[in-house]
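All remarks here apply to the structure that follows.
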Amino acid sequence: MRLLLSIFVSIIAVAAAAFYQQDLLPEYMRLFSRTNTLNTIKKSFKSSPNRMATPISPNSTFVVLPTIPPEDPSLNAKSPKPRGIQKVFEAREQAEGAGATVRRSIGTPKLRNFTPFLMLDHFNVSPGAGFPDHPHRGQETITYLLSGAVDHEDFAGNKGTIETGDLQFMTAGRGIVHAEMPHDNGDGSSNVGMQLWVDLPKDLKNCEPRYRDLKASEIPVAEVDDGKVTVKVISGRSHGVDSVQELAYTPVWLLDITIRPGGRIEQPLPAGWNAFAYTLDGASTVFSTGATSQEVPQYHNTVFEQKGDQIVAEVPADAKEASRFILVAGMPLDQPIVQYGPFVLTDPSQVRQAMMDYSSFTNGFERADGWASEIGRSMM
């Protein structure tokens, strides 16, 4: 009876996945938190000798895609044209995880499945809150710490802490279960950062999970406009400065840009890539499209058109403070997106399989059997 009930729940959830809304993620995570009910369901799968588990397709040969495309027409344009602005909207604050708050822009009705981007959260997590044990399959996550620190632990025994200015690039691949919890800074202060979910090419949905930590000291810096603009080149290229390579499978550029009063930057981006700028703090940023310009305040996401070669941004000379924003661009993936919570595949049957695999500890989730993180224990 338990087995039938668990299968029924999974089928209903997958039916909903076809109409998935990112706003339902909190309810999904509550459903799949490690409660006694979930453990009972998992045991029923594990004890059934007739259960069927058909994994998603194994990897085909995959050619690694370059972060900096060679001979790109926009990166090598002699008379580059600025990109237009598609839309500007505010990232509104909402509850997420266990007691955390986020400002979510991508993954909301305002902007959903902006390939290859799935979600963008500007998070604020205090001690006692966080993101306890939860699964992923089929995507990559990029976590950038702006202040404080975050502890991480997964079911493969990997653990560590990323601190202010550090990043972690995680490839979930065929499956991972982990926890992300705020580090106790000793003074009760919050931990603030950005987390970006990026889709994986369909041929890599079944790859092995992996991590790449990038320390703040490893990030090269470009100085522009006589020092009025500073660019932390996390991934990609800015004014002759290249980033560390091979951080993620899906090609993404990530630039942390600070413009002081009177400063201006013209930042080329790869041709045809989707791009956006999220304003972190300080003065409003003025983005120019050539014929017009638009002032964008803090906590707003500016989505650019694909047409054009570069982003042009400046801060008026009479501004009282500098502006800081992150500029992100990614290569679009020509594939369907079928997402339910942290499972991101290309077909509804694969989402159903992911839920079955997670519940039955199979096809990538074997190490989740009996595992619970130390850092998330207080939240379970």
Please tabulate, one pair per line, all N/O donor-acceptor pairs under 3.5 Å involving side-chain atoms of residues 311-318, not counting sequence neighbours.
none

All ring pair (Phe, Tyr, Trp, His ring centres under 6.0 Å) counterparts of Phe89, not counting sequence neighbours: none

Atom of Phe287, atom of Ile85 and distance for their closest heavy-atom approach: CB-CD1, 4.0 Å

Under the side chain to side chain donor-acceptor pair (under 3.5 Å) test, residues paired with Arg264 that sit two or more places apart: Glu266

Residue from Thr115, Asp199, Asp203 passing side chain to side chain donor-acceptor pair (under 3.5 Å) with Gln335: Asp199

Nearest heavy atoms of Ala149 and Thr161, plus distance in Å: CB-CG2, 3.8 Å

Of Trp197, Phe276, Trp273, the residue whose pairing with Phe117 passes ring-ring contact (aromatic ring centres under 6.0 Å, His included): Phe276

Thr171 and its side chain to side chain donor-acceptor pair (under 3.5 Å) partner, picked from Gln139, Glu208, Glu140, Arg212: Glu140

Validation row: Tyr249, Leu200 side chains within 4.5 angstrom (heavy atoms): yes

Residues forming a side chain to side chain donor-acceptor pair (under 3.5 Å) with Asp242, sequence neighbours excluded: Arg237

Arg103 NZ/CZ over Tyr299 ring centroid, <6.0 Å and within 45° of normal: yes

Residues which pass side chain to side chain donor-acceptor pair (under 3.5 Å) with Thr279, listed by chain and number, not counting sequence neighbours: none

Non-neighbouring partners of Ser74 that pass side chain to side chain donor-acceptor pair (under 3.5 Å), sequence neighbours left out: Asp309

Mutual orientation of the aromatic rings belonging to His134 and His136 [parallel < 30°, tilted 30-60°, perpendicular > 60°]: perpendicular

